[in-house]
Amino acid sequence: MKIVLTSVFVNDQEEARQVYTKKLGFVSRQDQPMGKFRFLTVAEPHRPDGPEILLEPNDNPAARTYQRAMFAQGIPVASFGVDDVAGEYERLKDHGLQFTMPPTRLGPVTLAVFDDTCGNLIQIAERHP
Amino acid sequence: MKVTWNNLTPPTGLTPSARPRQRKYEFFNLTGTPQGAWSVTNNHKVARKTRYMDQIFKALADPTRRLILDELAERRSQTLYELCTRLIMKHHVDMSRQAIVKHLTILEAAGLVRAERRGRLKFLHFNDAPLRKITERWIQRVMQ
């Protein structure tokens with residue numbers, strides 16, 4: 001079994017695509033119209049067969065309740081791996097993203113959490129050998 | 001601002017369980033006023049201070065709560081998520097989020113932790129004022 005697609009709920013799909021490609025550094029992969037929404041995915045730039053993230057509209061009371069509750073409790077909905085958390089922290093801050101947790105070394109990993117401006121908190125993690 | 005007994009007040013709006021129990025007699029005079037000088041009118045103020053002091057020591061009388069203070073003292077403004085992650089990953093605390101929230105309620109009641117709401121998020125702060133008051137009461141006086 002392979003991880004091919006996972007999803008993140010977003011307030012606005014187009015806004016989310018801009019943030020995830022221009023600020024976070026992913027690339028657009030699939031973009032198909034689906035009624036008033038789109039089947040919109042982003043992926044890592046250098047892995048053509050890597051997993052994709054579906055930027056899923058939160059146009060559902062259950063999804064919005066979940067998203068708001070997770071945000072209010074400071075819990076990230078996704079965690080992405082990076083080579084250098086401190087460098088990414090500076091880079092994302094320069095893009096205007098706000099961190100709720102600056103880079104913090106916790107045992108074998110360094111973690112940081114930021115607001116993706118699409119309704120979620122996202123964690124970045126660097127694993128130390 | 002210098003912390004004195006007059007501006008060191010227990011946080012208001014506590015849940016009933018966090019509120020200290022009413023005591024019939026007070027045994028300690030915390031104001032430095034001679035016992036005989038107590039008047040009936042200011043007695044309840046002394047009683048309140050004593051009960052608050054009890055709360056501080058009760059809050060400190062638990063290893064998990066001391067660990068929470070250790071972590072909160074390391075950096076200001078932490079979300080509950082960060083605190084829980086620190087406790088689990090650094091100290092291997094085997095405890096639910098709800099249990100940690102209960103410990104935080106006791107620390108908040110003692111004024112050792114303050115919660116600040118910023119937008120949709122809540123941040124936790126360590127407040128050292130009650131502890132400074134304790135060192136002033138015993139240690140700094142001995143040194144003088």
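Chain naming here is simple, since letters A, B, ... match the order of the sequence lines and numbering starts at 1 in each. These numbers come from a predicted model, not from an experiment.
In the hydrophobic clustering of ILVMFWY residues, with side-chain heavy atoms under 4.5 Å counting as a link, Met95(B) and Val113(B) come out together. Both Tyr52(B) and Leu104(B) belong to a single network of hydrophobic side chains, linked directly or stepwise wherever heavy atoms of I, L, V, M, F, W or Y lie under 4.5 Å apart. Hydrophobic clustering (side-chain heavy atoms under 4.5 Å, transitive across Ile, Leu, Val, Met, Phe, Trp, Tyr) groups Phe71(A) together with Leu111(A). Residues Ile53(A) and Phe37(A) are members of separate hydrophobic clusters, defined by side-chain heavy-atom contacts under 4.5 angstrom among Ile, Leu, Val, Met, Phe, Trp and Tyr. Both Phe99(A) and Val8(A) are part of a single hydrophobic cluster, where members link through side-chain heavy atoms under 4.5 Å apart.
Scanning residues 12-35 of chain A against chain B with a 4.5 Å non-hydrogen threshold yields no residues. The stretch residues 121-129 of chain A places Leu121(A), Gln123(A) near chain B, each with some heavy atom under 4.5 Å from a heavy atom of that chain.
Remark: of the listed residues Lys122(B), Arg120(B), Arg97(B), Arg97(B) is the sole one forming a side chain to side chain donor-acceptor pair (under 3.5 Å) with Gln73(A). Residue Thr104(A) forms a side-chain contact (heavy atoms from CB on, under 4.5 Å) with just one option from Glu74(B), Glu82(B), Lys90(B), Gln78(B), and that option is Glu82(B).
Heavy-atom neighbours of Arg68(A) CZ from other residues, nucleotides or ligands within 6.0 Å: at or below the threshold of 12. Around the CD atom of Gln98(A), the shell of radius 6.0 Å holds no more than 12 heavy atoms that belong to other residues, nucleotides or ligands. A 6.0 Å sphere centred on CG of Asp94(A) holds more than 12 heavy atoms belonging to other residues, nucleotides or ligands.
In this structure the side chain of Arg75(B) reaches within 4.5 angstrom of the side chain of Met101(A), judged on heavy atoms.
Atoms CG and CD1, from Leu80(B) and Ile75(A) in turn, are 7.5 Å apart once rounded to the nearest 0.5 Å.
Smallest separation of non-hydrogen atoms from Met89(B) and Leu106(A): CE-O, 3.6 Å. When all heavy atoms of Phe123(B) and Thr100(A) are compared, the closest pair comes out as CE2-O, 3.8 Å.
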